[in-house]
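Treat the numbers as computed from the prediction; the structure is a model and nothing was measured. First listed ligand is number 1; within each ligand, the first listed atom is number 1.
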Amino acid sequence: MKTWPVMSPFSVSENVSRMQSSATMAAMQAADNLRAAGADVCDFGAGEPDFDTPDNIKQAAERAMRAGRTKYTANAGIRELQRAIIDFYRREFGAEYQPNEVMATAGGKQAIFNAVVTLLNPGDEALVAKPYWVTFPEIAVFTGAKPVFIETEETDFILSAEQVERAITPRTKLLILNSPCNPSGRVLPPAEFRKIMELTSDHGIYVVSDECYLRFVYPPGEVFSAASLPSELRSRLCIAGSFSKTYAMTGWRVGYALAPADWTKAMLKVQGHSTSNTNSIAQWAAVEALTGPQESVGVMLAEYTRRRAWLLNALREIPGIKCGEPEGAFYAFPDVRGCLRKDLKTSADFAQRLLEEEHTVVTDGAGFGAEGFVRISYATSMEQIQEGVARIKRFVEKHI
Ligand SMILES: Cc1ncc(COP(=O)(O)O)c(C=O)c1O
């Protein structure tokens, strides 16, 4: 009997058809499939803390629910949350923001989305340093603009003002910064950050500074926010922040944007016609996160510090693997090109075969624009890290 191909009636817009699916989500899916098949998986793919949300934050959410704070809020979020964010930036970075320059968003991701889509037009260029978080170029592509990538391997993945300057054209409208960086873990030194902001300011280029890993910095890195720069360098700046990583709140979906009033107004228009406001209960939880006890942040940071030290030492002992110094976030980003051979040509092959042969998940660097590297998340227990590194070592020794 003749069978007909099933045609989907669904038509994808041109903007969406240009976008790539997320490489990090693909790695998560691969790990889930293996687990479902009963395998003992070591998972270095996680882009989220393995800690639970601190109890005081959960209790605040419970109180908010019981008090009936379960209705729509203003698009920009509840006043208490705006105030808590403004106070945090004043206290920590000496920055003065007004309520019309702050909006709560559904995660840092929505802040970045709002900021990029309100700015870019088809034909504009958006500068994105490699390696980049997978979402940056895709949002630019969604608007019809062109992501222009900046190579940074020569400076060990620390973006320099000189590299930015070389990439600027008359069409450059936006630069996206991300420090601490996912996936490299590198932290931009404050002096270089400032030089980059001076350069973009001279050229009238807008900047989105993704500071979702702001608080996770290890010496010699320094916690630095673009908010601490003089206000004349911030007139075209949008800071995207998040509660996801700092307070282990990835599922709650709370973040924020800090930007000049006219940019914020445009972002509120977009958000007002899409998600309206972020979840009201999660907003109250976020107020507690910022204004309540901060011990949990220190506890998480201390544990990441311990894991990071162990992991970096152990990775550097594996032949063929070179690992730079990630001063922030919770990722190591080793160069595995020294392990590549005839049957293992790319970092994608490395990640795939490691998964098949050792049931160990790492994320291929190519998805972040850095072929030859893999991302290893240490947002997992020390036991998992030790077991996973032993598997990577066995795998490398077998193939090298
Ligand atoms: C660099 C970077 N920016 C932004 C985000 C968005 O996080 P969220 O939307 O959960 O705040 C992530 C999440 O992985 C990230 O790695």
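Salt-bridge annotation for Asp349 and Lys342: absent, with no side-chain N of the basic residue lying under 4.0 Å from a carboxylate O of the acidic one.
Close approach of ligand 1 to Asn178 (heavy-atom distance below 4.0 Å) involves ligand atoms 1 (C).
An N or O contact shorter than 3.5 Å is missing between Gln110 and ligand 1 by distance. Considering both main-chain and side-chain atoms, Ser244 comes within under 3.5 Å of ligand 1 through a nitrogen or oxygen pair. For the pair Ala106 and ligand 1, the shortest N or O to N or O distance does not fall below 3.5 Å. In terms of polar-atom proximity, Tyr213 is counted as a contact of ligand 1, with an N or O under 3.5 Å from an N or O of the ligand.
Comparing Met249, Glu48, Lys245 against atom 14 (O) of ligand 1, the shortest heavy-atom distance belongs to Lys245.
Gln29 and Asn33 form a side-chain donor-acceptor contact under 3.5 Å, judged by distance and modelled atom types alone. Defined by atom type and a distance below 3.5 Å, a donor-acceptor pair is missing between the side-chain atoms of His203 and Glu165.
Atom 1 (C) of ligand 1 has its closest protein heavy atom at Asp210 OD2, 3.3 Å.
Between Phe224 and Phe193, the angle of the ring planes lies from 30° to 60°, which puts this pair in the tilted group. Under the 30°/60° scheme for interplanar angles, the aromatic rings of Phe51 and Tyr304 are found to stand perpendicular.
Both tests pass for Arg234 against the ring of Tyr97: distance under 6.0 Å to the centre and angle within 45° of the axis.
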